[in-house]
Peer 1: 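The structure under discussion is supplied below as structure tokens; questions concerning it will follow.
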Amino acid sequence: MSPPRRVSVLGATGSVGQNTVDLLERAEDVEVVALTGGRNVARLAEMARALRAEVAVVADDALLNDLRAALAGSGIAAAAGPAAIAEAAARPADWVMSAIVGAAGLAPGMAALGAGATLALANKESLVTAGSLILSTAARHGARILPVDSEHSAIFQALAGEDISTVERIILTASGGALRDWPVERLASARLADTLAHPNWVMGQRITIDSASMFNKALEVIEAKEFFGVTPDQVEVIIHPESIIHSAVGFQDGAVMAHLGAPDMRHAIGYALNWPVRAALPVARLDFAALGKLTFRAPDLDRYPALRLAREVMQAGGMAGCVFNAAKEVALDFFVADRIGFLDMSVLVEATLARLAADSGFGQAATSLDDVLAMDHLARTLAREEASRRAKQ
Ligand code: NAD
Ligand code: MG
């Protein structure tokens, strides 16, 4: 019998995190090292107790005493703050789930790779903000990255045993999000609640809004280019409202290999957890007769400016991806706070990209985490200025 595997979950209290914990609770051969969360102390402590974690870490320093109280008598160590999360991520482990949302997930993921762990990467922002840095860090420490974004897991599975040089194109499917059937003239008036009604997937709030604006797909196009090492032209997006085909790969012989399944993140999480073994998973089985048909349509770039911006970001290179993501996060915060409208998000991101391009430029791809964090900070500052100028009074 193989020795128990040591695993950690970063962002355990979130949507991907809870799905991961669900699978870990069913697994027999795992020892849980660290669980981290943002602010939900009660849920974090409950999970840490259920999984007998060694340490639980909350992002907000002010909540340390609450976490200690919630873990009293359990023998589980408590810690708080971003540095403690990175330290927890670097604790010796075989497998670390990176499921913090936003650029906040980058440093902990890097810490896990630095310690040689296999990184199950849900945090797409890591590859968008610092793709080459993440990949080179993994290579230097002999660490493996396994994609967890459902599209990228699908592509990874379609590529198993194939020669990457025979790939012609990668076909990313998109549900189209909550507003896909709205007339384009109405989009400007979309409010937060409208964007949260995702047709197929249950996910965290931020990615659900990003699905409605297609910023999520824009991030995923860049993520695919970085992770699979293809050119921007090789990554296509197709709207597939049923979310049954999770993505596909087209080869030079014209064959297309697609991954199909129910829209349940435990497919992708479970694949990464058990890789290279395809273990049994508690997910719904497809019934083709009940499905009847699968439909597709081309995305309209006027409707989804984020997709056009992703192309421009890949063209610009350097740290444009970092700026794109940071400005998008700021725009999202302003939209959630009802200070800018739905369509203002892409206007704001485009304006921030233009200001940086005209000013310092995007430079070379980052060679250190400090480079990325400095660019992220600068982009957020400019994006906040732009947002404040456009904000509703
Ligand atoms: P979520 O909002 O549900 O959870 C995010 C987690 O990160 C929570 O544990 C939260 O407490 C924690 N967190 C938030 N801000 C933090 C900070 N500043 N420092 C430390 N921790 C912080 O998000 P999610 O939907 O689970 O998504 C997580 C990541 O996975 C994102 O990068 C998302 O794009 C990606 N992803 C999610 C899904 C999905 O189905 N939800 C699918 C594919 C990819
Ligand atoms: Mg996805």
Side-chain angles (χ1 to χ4, degrees), residues 8-22 34-44 47-48 56-61 63 67 79-89 97-109 111 119-129 147-156 172-177 196 198 200-211 214-224 227 237 240 243 245-247 259 261-269 271-272 325 328-329 332-333 336 376 380:
S8 292
V9 184
L10 312 174
T13 55
S15 169
V16 171
Q18 298 200 53
N19 276 311
T20 307
V21 167
D22 175 73
L35 297 181
T36 83
R39 306 197 74 252
N40 189 345
V41 165
R43 185 84 189 94
L44 180 63
M47 289 171 154
V57 191
V58 65
D60 187 341
D61 289 299
L63 296 173
L67 182 60
I85 290 185
E87 276 167 33
M97 166 55 75
S98 166
I100 290 173
V101 64
L106 175 61
L119 191 68
L121 190 62
N123 180 269
K124 63 194 79 183
E125 296 90 342
S126 293
L127 281 167
V128 174
T129 54
V148 172
D149 214 345
S150 58
E151 295 77 359
H152 303 72
S153 174
I155 296 159
F156 186 67
L172 283 179
T173 51
S175 71
L196 294 180
H198 197 286
N200 308 328
W201 294 91
V202 179
M203 309 183 286
Q205 187 188 67
R206 300 182 74 86
I207 185 175
T208 305
I209 302 166
D210 282 347
S211 294
M214 284 272 206
F215 266 110
N216 181 49
K217 209 51 55 180
L219 296 174
E220 290 181 358
V221 169
I222 303 172
E223 180 187 14
F227 189 77
V237 174
H240 167 43
S243 297
I245 296 184
H246 295 154
S247 278
H259 176 278
D264 184 331
M265 280 306 290
R266 292 176 304 175
H267 268 298
I269 297 166
Y271 189 76
N325 179 67
K328 192 279 296 175
E329 290 192 29
L332 190 55
D333 287 337
V336 170
D376 178 86
R380 278 171 205 269

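Read the numbers this way: they start at 1 and go in the same order the structure lists the ligands and their atoms.
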Peer 1: Name all residues meeting the salt bridge (charged side-chain N to carboxylate O under 4.0 Å, His left out) criterion together with Arg43; count only those two or more places apart in sequence or in a different chain, and write none if there are none.
Peer 2: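 Counting only residues at least two positions away or on another chain, Arg43 forms a salt bridge (charged side-chain N to carboxylate O under 4.0 Å, His left out) with Glu46.
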Peer 1: Taking salt bridge (charged side-chain N to carboxylate O under 4.0 Å, His left out) as the test, write out the residues that go with Asp333, two or more places apart.
Peer 2: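 If we apply the salt bridge (charged side-chain N to carboxylate O under 4.0 Å, His left out) test to Asp333, skipping adjacent residues, the hits are Arg206.
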Peer 1: Between Ile207 and ligand 1, find which residue part has any heavy-atom pair under 4.0 Å and reply side chain, backbone, both or neither.
Peer 2: side chain
Peer 1: Hey, is Ala104 touching ligand 1 through its side chain, its backbone, both or neither, going by heavy atoms under 4.0 Å?
Peer 2: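 The answer is the side chain.
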Peer 1: Of the listed options (Gly204, Gly105, Gly14), which comes nearest to atom 4 (O) of ligand 1 when hydrogens are ignored and any heavy atom counts?
Peer 2: Gly14
Peer 1: Name the orientation class of the two ring planes belonging to His259 and His267 (parallel below 30°, tilted from 30 to 60°, perpendicular beyond 60°).
Peer 2: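 The rings of His259 and His267 stand perpendicular, inter-plane angle above 60°.
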Peer 1: Should the proximity of Glu125 to ligand 1, defined as any heavy atom under 4.0 Å, be assigned to the side chain, the backbone, both, or neither?
Peer 2: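 It is the side chain that touches ligand 1; the backbone stays farther off.
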Peer 1: Is Met265 close enough to touch ligand 1? Criterion: a residue heavy atom under 4.0 Å from a ligand atom.
Peer 2: yes
Peer 1: Ignoring hydrogens, just give me the one of Val16, Val202, Leu35, Asp149 whose non-hydrogen atom is nearest atom 43 (C) of ligand 1.
Peer 2: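 It is Asp149 whose heavy atom sits nearest to atom 43 (C) of ligand 1.
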Peer 1: Rounded to 10°, how big is the angle at the Mg ion (ligand 2) from Glu151 OE1 to Glu220 OE2?
Peer 2: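 That angle is 100°.
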Peer 1: Report the part of Ser15 (side chain from C-beta onward, or backbone N, CA, C, O) that has a heavy atom under 4.0 Å from ligand 1; answer both or neither where that applies.
Peer 2: both
Peer 1: Select the closest option to atom 34 (O) of ligand 1 among His152, Arg43, Arg266, Lys124, judged by heavy-atom distance.
Peer 2: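 That would be Lys124.
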Peer 1: With distance as the sole test, does Asn123 use its side chain to make a donor-acceptor pair with the main-chain N or O of Ile100 at under 3.5 Å?
Peer 2: yes
